[in-house]
Amino acid sequence: DSGQCVWYGQCGFDPATKKPVNCAYNGPAKPLQTPHAVSLLKQYCPDLYQGDGTRTCCSDEQLKTLVDNIAVPVQLLGHCPSCLHNFLNIYCYMTCAPDHSQFVTVDRTTPYVDPKTGQKDLQVNEVNYAVTDDFAVGMFNSCATVRLPIWPSAKEPAIGILCGHSADECTPKNWLDYMGNTGNQQTPFQINFNITDKPYINRAGHLVTPQNAPTLPCTPTHTQGALPCTCGQPTKRPQFDKHFPPIYRTEQLIVRRTGHHPKIEHQDPPPAISTTTFSPIFDKDFLHQVLDLQDKVYALRAPYDNHNDNTVSLTDICFRLHHTDCTILSVLNYFQNNGTRIDRVVRDQPFGFFTLADYLDHLKYCTWVPESKIDTTALHESCLGTDGGPTYPWTAFQGFDGYNYQNATALVITFVVNYDNNNDAEKAKVQKWETTANEFVKNYALHQPNMTLSFSSETRHRGDKPSLTLIG
Ligand SMILES: CC(C)CCC[C@@H](C)[C@H]1CC[C@H]2[C@@H]3CC=C4C[C@@H](O)CC[C@]4(C)[C@H]3CC[C@]12C
């Protein structure tokens with residue numbers, strides 16, 4: 001089933017909210033009536049615009065209601081076009097997508113009689129709207145730190161107003177829940193959002209395929225006008241350790257590239273004609289070299305019991321986010337620590353003249369949406385590490401300005417290890433491993449003239465400022 005409409009046109013007002021609501025309709029999408037409506041669709045819902053004859057599940061009147069209603073978000077988010085675009089798509093797809101029956105289900109209707117024509121209809125009073133994780137998270141991330149345009153230095157980002165929660169308590173889920181709730185005085189009828197990646201059969205026996213519109217990540221180049229679009233800028237201590245145990249230890253390796261090297265001028269994927277400049281630490285061969293180092297540290301075996309020839313390796317002491325692989329926060333985990341993925345390049349078909357995407361496009365994307373399971377470049381690779389968790393860019397890089405992670409001057413690799421203050425045996429193992437790792441790193445640096453390495457360990461208490469205990 002390729003989907004059709006669940007509504008078309010407006011049928012009076014909701015008895016509870018007194019706002020206009022839509023007429024239930026199960027049938028194919030229809031062409032918009034006036035050139036004006038087509039131009040509104042093109043301006044506010046460009047993803048759905050397909051030329052003059054574009055078919056939609058919204059009437060001209062609905063489209064006008066939509067445009068009238070989004071004045072506040074346009075005002076608050078308009079200086080960050082990527083965020084605004086993703087935000088508007090919530091309502092563009094719900095209201096107008098020609099196949100929205102795939103993800104919008106009508107849950108409650110009331111009979112309605114048109115006062116002029118006497119025609120009998122049903123008005124829609126409640127819907128269920130399924131969206132994918134990527135859409136919800138991508139939309140949220142692109143808007144999370146957008147500042148209020150009227151008062152850019154205000155503490156509270158704009159979502160503090162749109163979320164119904166303070167900005168640091170706002171999540172993709174509670175943001176959507178609030179926006180779907182008629183209690184916010186803006187929403188005309190109840191919209192129950194369902195964030196899910198898998199298609200499912202709903203109670204009425206219909207197959208629901210969540211809305212998965214691609215989201216635009218934030219970039220400084222999306223900035224328009226005089227006001228800064230501070231999307232992507234972390235404003236407080238990030239969720240770095242939200243899922244970590246109350247006390248843990250970080251083993252950090254900081255890698256710099258020595259010598260003078262030209263910056264990397266990277267051609268952005270077509271149709272863009274722009275380039276992005278990366279600092280020399282992002283050289284592909286250098287990243288391979290860093291991967292080799294990371295792999296060697298991972299494989300280290302430290303002697304800890306001379307009598308029994310016992311050894312301790314990272315896998316014995318590491319923290320595992322999803323009980324799978326050790327948690328390592330590292331740029332290389334954007335490639336799942338896999339050298340072949342770093343080398344992957346997608347070229348145009350069939351000639352292969354142009355590079356459509358390579359490791360730098362993926363890397364840049366992952367610094368925007370570190371939680372993404374599939375990037376929107378032609379590579380379509382995951383940003384999640386081998387443990388299934390994200391690496392936030394501010395933990396993996398040093399020396400960047402603002403959110404220009406591509407200007408970083410150093411790479412930071414963090415191995416997270418368990419460190420229970422009451423477990424002396426565990427603490428002893430960790431210390432043995434650290435001594436060996438420290439020795440290894442010093443030695444390794446001696447034989448790598450093009451890198452400078454430093455190694456440090458700290459005990460961290462979740463939420464606290466880190467307390468430094470040892471520098472190697
Ligand atoms: C300030 C916060 C709480 C509200 C911000 C979100 C606003 C802009 C959202 C919430 C619910 C949305 C509405 C939900 C349903 C419809 C019906 C459709 O046929 C036209 C668009 C319209 C009318 C949407 C317009 C935008 C809307 C009003």
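Atoms within each ligand, like the ligands themselves, are counted from 1 in listed order. For reference, positions follow the sequence shown, starting with 1.
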Name the closest protein heavy atom to [atom], giving the residue it belongs to and the distance to 0.1 Å.
atom: atom 4 (C) of ligand 1; answer: Gln186 CG, 3.8 Å
atom: atom 23 (C) of ligand 1; answer: Asn69 ND2, 3.7 Å
atom: atom 19 (O) of ligand 1; answer: Asn22 ND2, 3.0 Å

Atoms of ligand 1, numbered as shown, that sit under 4.0 Å from any heavy atom of [X]:
X: Pro73; value: 8 (C)
X: Tyr91; value: 9 (C), 10 (C), 11 (C), 12 (C)
X: Asn184; value: 3 (C)

| task | With atom 1 (C) of ligand 1 as the reference point, say which of Leu162, Leu77, Thr182 has the nearest heavy atom. | result | Leu162

So that I can tick it off, tell me whether [Y] and [X] are bridged by a salt bridge, with the cut-off set at under 4.0 angstrom between side-chain N and carboxylate O.
X: Lys173; Y: Asp177; answer: yes
X: Glu458; Y: Arg249; answer: no
X: Lys18; Y: Asp14; answer: no
X: Asp268; Y: Lys364; answer: yes

| said: Heavy-atom contact check, 4.0 Å cutoff: does Met94 meet ligand 1? | reply: yes

| request: Please verify whether a non-hydrogen atom of Tyr178 lies at under 4.0 Å from ligand 1. | output: yes

| If we ignore angles and hydrogens, is there a donor and acceptor under 3.5 Å between the side chains of Asp375 and Thr377? | yes

